[in-house]
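Because only heavy atoms are used, hydrogens play no part in the values below, and waters and symmetry mates are left out as well, while side chains stay in.
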Amino acid sequence: MKKFLVTVLLMVMICAASFGSVAEQTETAGSPLPVRVLILPKFEIGEMAGDFPGEAQYYYEAYLQGAEAYDVPYGAPGMKLYYKDGVALCVLGMGKVNAALATMAILSDVRFDYSQAYILSTGCAGSAAETTVMGDVFLITAAVDYDLGHHADGRDLADPEGIAWFHDADFDEAAAVMLNQELAAKAYVLVKDTHVETTDRTRNYMFHAFDGAAWAVRDPLVLRGTTVTGDNYWKGPHGHANALRMVETYACPDPYVTTEMEDVAVARAVQRMGLLDRLIVIRGSVNMDVFMLGATPENLWGDAEAMTLASEDSVEAADIFAVSMKNNFNVGKVLIDSILSGSF
């Protein structure tokens with residue numbers, strides 16, 4: 001009995017200490033800062049303002065200049081969350097693990113109140129050949145995990161040209177996230193007519209890469225669709241066929257349009273925090289999901305300079321990167337301004 005009472009007393013003391021720690025953290029933080037829009041790009045290039053833009057820069061320059069910068073508890077070394085006038089921005093890092101961990105760390109920070117925030121996951125993407133062009137901006141309605149299921153090497157298939165992804169129903173619960181369709185529809189109506197641009201070089205690049213096909217030379221648009229998230233930065237017709245099959249298998253509400261490396265993870269983390277109904281995803285196309293103009297895995301990925309998307313001399317992206325990031329921002333700005341004005 002004495003041992004039992006000692007054990008109970010220790011448990012009470014531990015619980016009291018834990019409660020005190022949380023209370024202390026909240027008290028130190030003061031009243032949580034209300035966030036109306038949380039912007040989550042995945043990488044920046046150089047500085048947050050004033051140089052060649054990555055995914056964050058245009059948003060930072062418009063809404064966060066002079067903002068307070070907060071260290072993110074349990075974030076990656078050097079990770080900062082910028083906050084000003086109800087707008088917060090944090091660069092998550094690339095890949096699903098970084099994106100999920102960073103999103104959880106941000107939304108768990110008791111210094112900020114995200115309960116009424118709209119969460120904007122934004123960035124660049126590769127986009128689907130035969131239906132999209134570089135410069136398009138996409139309002140995403142569902143996110144699929146490219147890596148779940150079974151992937152075969154084409155050399156091991158009975159039909160080397162066959163689809164190399166095989167569905168496994170055991171992964172279904174984790175493999176696809178349907179975003180709030182009502183919110184997505186409302187957002188799309190607001191942004192669908194936003195003016196987006198391309199460049200003469202990119203238009204010429206697309207013309208020659210796809211033999212002047214009508215779909216490849218149209219003006220860029222704001223579209224809606226499904227994104228396929230993979231830590232594997234794949235490219236080529238076989239990966240394209242895999243993505244199409246996945247989106248069909250998981251009965252996503254809109255066609256496959258983009259491939260990127262974070263959004264299914266961001267969506268899962270946001271869902272765990274009870275905020276999935278407030279998540280909006282915007283991606284801008286900076287390259288295509290197939291090899292173009294003689295590019296091969298060897299000459300594209302074996303040459304560090306050739307594979308750099310964020311460059312005006314990119315072999316793979318022509319000169320669209322900065323323009324696409326501006327397109328992405330122009331679409332996102334329509335949403336953010338509407339939210340901040342109270343009209344969304």
Practice item. List in chain and number order the residues that pass ring pair (Phe, Tyr, Trp, His ring centres under 6.0 Å) with Y146, two or more places apart in sequence or in another chain; answer none if no residue qualifies. Key: H151, W234
**Study point:** Residues that, via side-chain heavy atoms closer than 4.5 angstrom, fall in one hydrophobic cluster with L157
**Key:** F166
Check your understanding: When rounded to the nearest 0.5 angstrom, what distance separates CG in D219 from OG1 in T198?
Key -> 8.5 Å
Point to revise | Other cluster members, V217 - Ile/Leu/Val/Met/Phe/Trp/Tyr, side-chain contacts below 4.5 Å | key: F207
Review point. Are the side chain of R283 and the backbone N or O of A125 linked by a donor-acceptor pair below 3.5 Å?
Key: no
Review point. Listed by chain and number, what are the side chain to side chain donor-acceptor pair (under 3.5 Å) partners of D145, not counting sequence neighbours?
Key: K96
Check your understanding: Any idea which heavy atoms bring P220 and V196 closest together, and the distance?
Key -> O-CG2, 3.5 Å
Study note, to complete from the structure: Across all chains, not counting sequence neighbours, the ring pair (Phe, Tyr, Trp, His ring centres under 6.0 Å) partners of H238 are none
Point to revise | Selection residues 253-298 - residue pairs positive for ring pair (Phe, Tyr, Trp, His ring centres under 6.0 Å), sequence neighbours left out | key: H240-Y256, F291-W301
Review point. Does the N327 side chain pair with the main chain of G135, one donor and one acceptor, at a distance under 3.5 Å?
Key: yes
**Study point:** From E55 atom CD to E44 atom CD, the distance as rounded to the nearest 0.5 Å
**Key:** 8.5 Å
**Study point:** Nearest non-hydrogen partners of T199 and I320, listed with the distance
**Key:** N-CD1, 4.4 Å
**Study point:** Nearest-0.5 Å distance, CD1 of residue I282 to CG of residue N328
**Key:** 6.0 Å
Review point. Are the side chains of T258 and I140 in touch, meaning some heavy atoms are under 4.5 Å apart?
Key: yes
Check your understanding: In terms of side-chain geometry, is the basic nitrogen of D289 or K235 positioned less than 4.0 Å from the acidic oxygen of its partner?
Key -> no
**Study point:** Set of residues satisfying side chain to side chain donor-acceptor pair (under 3.5 Å) with respect to D172, sequence neighbours excluded
**Key:** H167
Exercise for review: Only counting residues at least two apart or in another chain, list the ones meeting side chain to side chain donor-acceptor pair (under 3.5 Å) with N180.
Suggested key: none
Check your understanding: Going from OH on Y114 to OG on S108, what distance comes out if it is rounded to the nearest 0.5 angstrom?
Key -> 9.5 Å
Practice item. Quick one: closest heavy-atom pair of T132 and W215, and the distance? Key: O-CZ3, 3.1 Å
Review point. Can you name the ring pair (Phe, Tyr, Trp, His ring centres under 6.0 Å) partners of Y205, sequence neighbours left out?
Key: none
Review point. Sequence neighbours excluded, which residues qualify as ring pair (Phe, Tyr, Trp, His ring centres under 6.0 Å) partners of F43?
Key: none
Check your understanding: Should I106 and L81 count as side-chain neighbours, where that means a heavy-atom distance under 4.5 Å?
Key -> yes
Revision key, fill the gap. The complete set of side chain to side chain donor-acceptor pair (under 3.5 Å) pairs with one or both residues in residues 64-78, sequence neighbours excluded, reads D71-K80
Review point. Hydrophobic clusters join Ile, Leu, Val, Met, Phe, Trp and Tyr when side-chain heavy atoms are under 4.5 Å apart, directly or via other members; which others share one with F171?
Key: L148
Check your understanding: Sub-3.5 Å donor-acceptor pair from the side chain of Y63 to the main-chain atoms of I336, do we have one?
Key -> no
Check your understanding: Could you state the interatomic distance from CD1 (I119) to CG (L279), rounded to the nearest 0.5 Å?
Key -> 6.0 Å
Review point. If you measure only the distance, is there a donor-acceptor pair under 3.5 Å linking the side chains of S343 and S338?
Key: yes
